[in-house]
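Notes to accompany the following structure.
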Amino acid sequence: MRKILRPVLLWLLTVGLVWTIGWSFSTPPTGAGVAAGMILQQANTPVNTPGPAPIEPWQGRLELPSVAEIAAESNRDWTWIEIDRAPSPELIGKRLKVIRQPAPVSQATTAVKFSSVATASSVQGNIHPQRLNGRPQVSSLQSLAGARAQDDVQVRLETVTIGSDGSLEIDREPIQTTGHQRLLVQLRSPAPNRPNLFPSRAYNPSTKKFDGESRMIQIPQMPATKHGLYPSSIKDLSRSPAGKDGWYLYGQQKSPDLFLVESLAPRSLFGLQANRQVEDLPNYLDRQNWAELDQRRGQISKVANSDQVPSIGQRALLIHSFGEISGQGGDTPSLPLTVTGHFAYGIATVVQDEITHQPRWDLVYHQVYAHNPDGIVAGQQDWATYMGHLQRGWMGTRPVIDALISYPPVTTDYDFDGIKFSPLTTFQQQLELSAARYRVGDGTGSASVTPATSCVQDANQALYLTIEQLTRQANPQIQRWLVAHPQDPQTQNFRELQSLGQDLRSQLAPLGIVRSDWLKNAQKLSGTSPLNNSSNPILALLTWRTMLPRGAQDGMIKIFDRHGAQIQLLQTVQIGGVNPHIGPVSPTVLFGRWPWLSTGLIRLWAGFTTFPTNFGSMLGLLAGYGAIAVIFGTSTGFITWQRHALTLGDLRLLLQLFLMPALVEELLFRGLLLPHPIEGASLGNTAVAILVSTLLFIIYHPANALTLYRPGRPTFWDWRFLSLAGLLGVTGAIGYQLSGSLWPPITIHWLVVSIWIIWGGGRARLS
């Protein structure tokens, strides 16, 4: 009975743990309430006062169409936009249609009817798309326009084409932005009696110094939330080390000498050059990336694995993660010994800055973000909107790391004699689709978190769907092109892309089993049914490597690092004004507050849930060990072969030998002591770990004979036995490293011991 109850209890414990992890994401980070937005309303009101140049050629505020207006044009994804900035001045202030051409696949259009969960969540203070409730049809753009209670979603448009009817046609989702104008200034200390008015000097592109026009800058102090957390601070902002190279200010010129700020961003963060280079990036991720955050408060760090500097137009995959807040109004721990945080993908592009005329990074997040009390809307957001916004941004309250991954096989656009596709654009489209689904909660009005779904899980679902779609691109015509052009750079990139896809698949589905909801969505990329996602907690076990933000970010970075990608880590730790009442908390993997516990659990779980695919290599290892053991054991007289027919007692013995020593000893000496391949340990460190674990494995046997297993004397002291045990330890370690799975060493161990005991004279030696 005990043998039956133990695995059942272990399974129930695992399911309970998954539920706990899932619900740990269900409470959104708490920032300033919507009422604080009234302070910034003036910065969103266009005025005719001359001021800085516009941020983008096309910018405006989305307005939700009425039900009747949508019914008249139900076959298009469109909404209204009030133009704030445009290449033609006569369009400013006009109300135009903005149309998505081509429209996203039909999964993004759905009826919206609030569920009881959405209603209850609204009562708790979370912001849901109330104006969309009850509408029979809501498209992607309409879900963005109606995300809040007012028409206050400000966006910038890219690749705009003016249609014959005067409408604006776009081919991608608008980017949520902030402010109508942008400055680059150095802030001076404000007068004591006017702490929110900062004298400043503008950047002068001619001298490349801050000796340009003087201007008074108004930066409002946002009120604290009901929990006492200030979403941003203006205290000592002019002395912030993050602003040593100036601040980009986003807002509105309210009078000839006064600029009202809505968002700000440190110029030094977006420069192309890192201030530190590391050779062993996996080790840096594990030991230093999130370490000593208290000493880094207010600072910016830029670490890279290469000294190469990107050029204008170059794109990079962005992988974002943030930690939590301690102190006044900070986060409430939701899981013992674990800090969750948040995860997102995005795209970074090297652009030429309009003010400095120098290259810089432009960061755009693709946020798969649940409904929350801050009014953060799922979708594309630039850095100033998501991080630097005075009311909703995380710049001043959270530690953040943005990984920029430059890898040509991913960022290159392919053209195989007319068959064109772009991996990064395909991924962007999948993320847009996920964000559109989140904005309306798949029609329920509520995008909350379940044990199987979260920002991490669903952002990585989009990555899985991208891999599936690109896999289908490898049709016979492309294969013929690759064969005909073996040395073409495009061929090399595509081969690397295929190899990367296999590694990412292993990261996303480590059990080798694809979640049913992910598989269904992959099969219906162009279908008509809504995206299907499940809240079944068991499904989370199938994608466990993407359950927590830090584990997902580190895992992805390590995969790209192994493939030779250029990687730059941008870290900010509560930058801007000083808030002495809070502190930064780094995100962790499961039970990461006790690193030894989390490392052990991750290694064991990774080894258990990874199934080997290179069976030929495993059979080769078994055959190699067997040949050496037979020759050595027979020639030295340690192995004495005898005929023996299996009995019922032998079958019980085989089961016993599988559990002990094979399973238990491999868990201890390979699973716990050796780094799993997903950790990205260097070859040297792995070799040292194998040597140490093998020596301990050898020492363990005579120690066991002296204590727990006295029948092992004198066999466990025999030099021949210890030699074969050492060889078995090395063989198991190699099998583990090659496969990433504990099952090959467990199986090899079990077969070797079983054959020796039953047919090789081991039973007599241990009697």
Side-chain angles (χ1 to χ4, degrees), residues 77 99-108 140 158-161 169-173 310-311 313-318 345-350 364 366 380 405-434 436 460-509 514 518-529 531 556 559-560 563-566:
D77 181 19
I99 303 171
R100 182 75 176 271
Q101 293 285 9
V105 289
S106 54
Q107 290 102 315
S140 175
E158 299 180 314
T159 61
V160 175
T161 302
E169 297 179 359
I170 57 176
D171 62 357
R172 64 193 63 177
E173 178 183 289
S311 56
Q314 185 170 324
R315 295 187 297 172
L317 175 66
L318 188 159
Y345 285 109
I347 295 176
T349 308
V350 180
V364 176
H366 288 262
Q380 292 194 81
I405 300 175
S406 301
Y407 188 54
V410 170
T411 58
T412 296
D413 293 343
Y414 294 85
D415 185 351
F416 297 102
D417 288 342
I419 300 179
K420 301 179 181 181
F421 64 90
S422 167
L424 207 56
T425 300
T426 302
F427 185 34
Q428 181 179 359
Q429 292 168 347
Q430 289 297 334
L431 289 168
E432 289 178 12
L433 189 58
S434 297
N460 282 288
Q461 178 191 11
L463 178 59
Y464 172 79
L465 297 181
T466 301
I467 295 172
E468 287 296 296
Q469 187 164 339
L470 294 176
T471 300
R472 295 190 185 122
Q473 293 283 0
N475 57 37
Q477 182 177 340
I478 291 180
Q479 295 299 334
R480 288 193 295 269
W481 194 98
L482 296 172
V483 172
H485 304 82
Q487 302 303 320
D488 191 284
Q490 186 170 247
T491 300
Q492 305 302 320
N493 282 337
F494 189 77
R495 296 300 188 198
E496 285 291 328
L497 181 66
Q498 290 178 311
S499 175
L500 174 68
Q502 293 175 355
D503 285 351
L504 292 177
R505 265 176 163 271
S506 298
Q507 175 79 5
L508 297 173
V514 181
W518 286 21
L519 186 61
K520 181 178 293 186
N521 294 341
Q523 293 171 343
K524 297 188 177 182
L525 286 173
S526 300
T528 57
S529 61
L531 279 172
M556 290 296 172
I559 288 176
F560 278 98
H563 281 263
Q566 299 175 35

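Each residue takes its place number in the sequence, starting with 1.
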Could you tell me which non-hydrogen atom of Pro486 sits nearest to which non-hydrogen atom of Thr491, and how far apart they are? O-CG2, 3.9 Å
So which atom in Leu497 and which in Pro409 form the shortest heavy-atom distance, rounded to 0.1 Å? CD1-O, 3.6 Å
Checking the side chain of Glu158 only, and the main-chain atoms of Arg172 only, is there a donor and an acceptor separated by less than 3.5 Å? no
Rounded at 0.5 Å granularity, tell me how far CG in Leu465 sits from CG in Leu433. 8.5 Å
Please assess Leu500 against Ile559 for the test side chain to side chain contact (heavy atoms under 4.5 Å, CB included), listing each intermediate value before the final yes or no. CA-CA 8 Å; Leu500 174 68; Ile559 288 176; 3.8 Å; yes
Working to the nearest 0.5 Å, report the span between CD of Gln566 and OG1 of Thr411. 9.5 Å
Once you round to the nearest 0.5 Å, how far does CD of Gln492 lie from CG of Leu482? 9.5 Å
Separation between CG (Leu424) and CG (Leu318), nearest 0.5 Å, reads 10.5 Å
Over all heavy atoms of both residues, which pair between Val350 and Ser311 is shortest? Give the atoms and the distance, please. CB-O, 3.2 Å
Give a yes or no answer on whether the side chain of Asn460 reaches the backbone of Leu463 with a donor-acceptor pair at less than 3.5 Å. no
Give, for atom OH of Tyr345 and atom CD of Gln430, the distance between the pair rounded to the nearest 0.5 Å. 13.0 Å
Does the pair Tyr414 and Ile478 meet the rule for a side chain to side chain contact (heavy atoms under 4.5 Å, CB included), with working shown? CA-CA 10 Å; Tyr414 294 85; Ile478 291 180; over 6 Å; no
In the structure I gave you, are the side-chain heavy atoms of Ile419 and Asn475 within less than 4.5 Å of one another anywhere? yes
So, applying side-chain hydrogen bond (donor to acceptor under 3.5 Å, both in side chains) with Arg100, which one of Glu169, Glu173, Glu432 is it? Glu432
All heavy atoms of Pro408 vs all of Asn493, minimum pair found to be CB-OD1, 4.1 Å
Would Thr425 and Gln429 count as a side chain to side chain contact (heavy atoms under 4.5 Å, CB included) here? Give the steps. CA-CA 6 Å; Thr425 300; Gln429 292 168 347; 3.9 Å; yes
Are Gln490 and Trp481 packed together at the side-chain level, in the sense that at least one heavy-atom pair is separated by less than 4.5 angstrom? yes
Qualifying salt bridge (Lys or Arg N to Asp or Glu O under 4.0 Å) pairs, either residue in residues 477-502, two or more places apart: none
Test log, rule side chain to side chain contact (heavy atoms under 4.5 Å, CB included), inputs Tyr407 and Leu317: CA-CA 8 Å; Tyr407 188 54; Leu317 175 66; over 6 Å; no
What's the shortest heavy-atom distance between Phe416 and Gln477, and which atoms? O-NE2, 4.0 Å
About how many Å separate CG of Asp413 and NZ of Lys420, when rounded to the nearest 0.5 Å? 10.0 Å
Considering all heavy atoms of both residues, which atom of Leu470 and which atom of Pro423 are nearest to each other, and what is their separation? CD1-CB, 3.8 Å
